[in-house]
Amino acid sequence: MMTRILSFAAFTALAATACTTVPPSPPAEAPLTSLYDYRIVDPNSGQAMALPQLASALQNADVVFIGELHGHNGAHLLQARLQQALYQQQPLQVLSMEQFTVEHQPTLDRYLAGELGEAEMIEDADAWDNYKASYRPLVDFALAHDLPVIAGNAPAQLVRCVGRQGPDYLTRAPKDLQALLPGDPFYGTAPYREKFLATLTDHQHGPGDPERLENSYRAQLLRDNTMASRIVQALADHPGAQVVHTNGTFHSEHHLGTVAALKARAPELTVRVISPVVTDVPAEHVSQDDREKGDYLYYLRPLQEDYLDRDRELQAMMKRFRQASENNCET
């Protein structure tokens, strides 16, 4: 029995030592070997960072934005690991997510309270198709540690119809959905508008319809401002908590989008942004453009192209448009 006790004590001491030892980070420019691989970088020094170092640097932030590339394995692995590392420092944590819309908050709450099974939650909360592969670890960690999860995004119907008909649609929208929206739902900044329109125009390979472009921008702002207002409310409901927010990187990089909307509402908050950079081979020095994307960066390998046959790509796009057109904007 004494031998077992000593052995267990030795194992415990060894485990404790292992947990407090920060493993050496590979060089920032080391090749990325798989889609699960990521390389965390301090953009100011250009030095690679281990995950515990990043978590320590974020310890005093009120809100941590983890920008993602939707569906990228490495991005979602980083999110899950960073969520857990931040929790070790600050157990009072709130998970806020773009991936659920605000009208489904009661469904999320029922799931976290043990009143719904996972399949029921996925169906009732209209979870994203890649929920199990990408977001289950985040929500499951919150569930296991009795942490709140915030449905941060604007209702999909309102976003879609503002994109089609413009901001005036909100005056005709269902009253129950209107009640969930923040004040000043279309707050934005000039740099963000310029970036958004340039990205959309480039994606469409042409200038496009100016009114439609402007409506698309307003729909984007509706998402950003809803997420920002939900973060402010989460901090009010949970004083002293650290909010970990997940969203597509466009919503947070360069401290624009949701970050700018949040700072406009609560300028006293300490906000930190982690943004991905996609590259085949990380460079030895961080470029000026990448340096400005976030307070900290993480490199990811590029995903494979969805389509090499452009005709098939066009057919797939048209199919999505036909499906979207089936959802009308009548109240």
Would you tabulate the side-chain donor-acceptor contacts of residues 88-96 under 3.5 Å, counting partners in other chains and residues two or more places apart, or write 'none'?
residue: Q89; atom: OE1; partner: S56; partner atom: N; Å: 3.2
residue: Q89; atom: NE2; partner: A55; partner atom: O; Å: 2.8
residue: Q90; atom: OE1; partner: L92; partner atom: N; Å: 2.9
residue: Q90; atom: NE2; partner: G240; partner atom: O; Å: 3.1
residue: Q93; atom: NE2; partner: Q83; partner atom: O; Å: 3.1
residue: S96; atom: OG; partner: H245; partner atom: ND1; Å: 2.8

Once rounded to the nearest 0.5 Å, what's the spacing between atom [atom1] of [X] and atom [atom2] of [Y]?
X	Y	atom1	atom2	value
L78	I274	CG	CD1	7.5 Å
R272	L58	CZ	CG	8.0 Å
T107	E123	OG1	CD	10.5 Å
T249	F65	OG1	CZ	11.5 Å
I122	D129	CD1	CG	10.0 Å
N60	D62	CG	CG	9.0 Å

Quick one: does [X]'s side chain get under 4.5 Å of [Y]'s, heavy atoms only?
X	Y	value
V244	V63	no
T258	S252	no
Y217	R212	no
I150	M97	no
P210	L213	no
H72	P276	no
Y296	V273	no
Y299	L32	yes

Please answer whether the main-chain N or O of [Y] pairs with a side-chain N or O of [X] as donor and acceptor at a distance below 3.5 Å.
X	Y	result
S45	Q47	yes
N153	E98	yes
S229	T226	yes
E253	S275	no
H145	L147	no
D37	T33	yes
R291	P43	yes
N130	A133	no
H76	H70	no
N73	L35	no

Original post:
Only one of L197, L256, V259 clears side chain to side chain contact (heavy atoms under 4.5 Å, CB included) with Y192; which?
Top reply: L256
Heavy atoms only: give me the nearest [X]-[Y] pair and the separation to one decimal.
X	Y	answer
V243	A234	CG2-CB, 4.4 Å
T279	P302	O-CD, 3.3 Å
D295	V271	OD2-O, 3.9 Å
A151	R230	O-NE, 3.0 Å
G46	V286	CA-CG2, 3.9 Å
Y169	C329	CE1-O, 3.2 Å

Original post:
Is there a side-chain hydrogen bond (donor to acceptor under 3.5 Å, both in side chains) between E68 and Y135 once you walk through the steps?
Top reply: CA-CA 11 Å; E68 68 174 48; Y135 306 108; 2.5 Å; yes
Would you say [atom1] of [X] has more than 12 non-hydrogen atoms from neighbouring residues, nucleotides or ligands within 6.0 angstrom?
X	atom1	answer
H285	NE2	no
Q288	CD	yes
D146	CG	no

Could you verify whether a donor N or O on one side chain and an acceptor N or O on the other, from [X] and [Y], lie under 3.5 Å apart?
X	Y	value
D126	H104	no
T171	D168	no
Q220	R223	yes
D311	Q315	no

[X]-[Y] co-clustered via ILVMFWY side chain contacts under 4.5 Å:
X	Y	value
F141	V149	no
L77	M49	yes
I40	L297	no
L221	M227	no
V102	W128	no

**OP:** Kindly indicate, with the supporting measurements, whether the criterion side-chain hydrogen bond (donor to acceptor under 3.5 Å, both in side chains) is fulfilled by R81 and Y38.
**Re:** CA-CA 12 Å; R81 287 178 171 172; Y38 56 79; 3.2 Å; yes
Original post:
Where do V64 and I66 land on the side-chain contact (heavy atoms from CB on, under 4.5 Å) test, with the steps shown first?
Top reply: CA-CA 6 Å; V64 177; I66 311 177; 4.2 Å; yes
Original post:
Thinking salt bridges, do R39 and E29 make one under a 4.0 Å N-O criterion?
Top reply: no
**OP:** Decide, yes or no, whether a salt bridge links K263 with E268 under the criterion of side-chain N to carboxylate O below 4.0 Å.
**Re:** no
Original post:
Can you list the steps and then say if V277 with Y298 is a side-chain contact (heavy atoms from CB on, under 4.5 Å)?
Top reply: CA-CA 6 Å; V277 175; Y298 65 102; over 6 Å; no
Original post:
Going through the checks in order, is the side-chain contact (heavy atoms from CB on, under 4.5 Å) test met by L108 and M121?
Top reply: CA-CA 7 Å; L108 267 182; M121 181 277 290; 4.2 Å; yes
Original post:
What salt bridge (charged side-chain N to carboxylate O under 4.0 Å, His left out) pairs are there with at least one residue in residues 110-121, not counting sequence neighbours?
Top reply: R110-E115, E118-R136
Cut-off 3.5 Å, no hydrogens considered: what does the side-chain donor-acceptor table look like for residues 173-187, sequence neighbours left out?
residue: Q178; atom: NE2; partner: L170; partner atom: O; Å: 3.0
residue: Q178; atom: NE2; partner: A173; partner atom: O; Å: 2.7

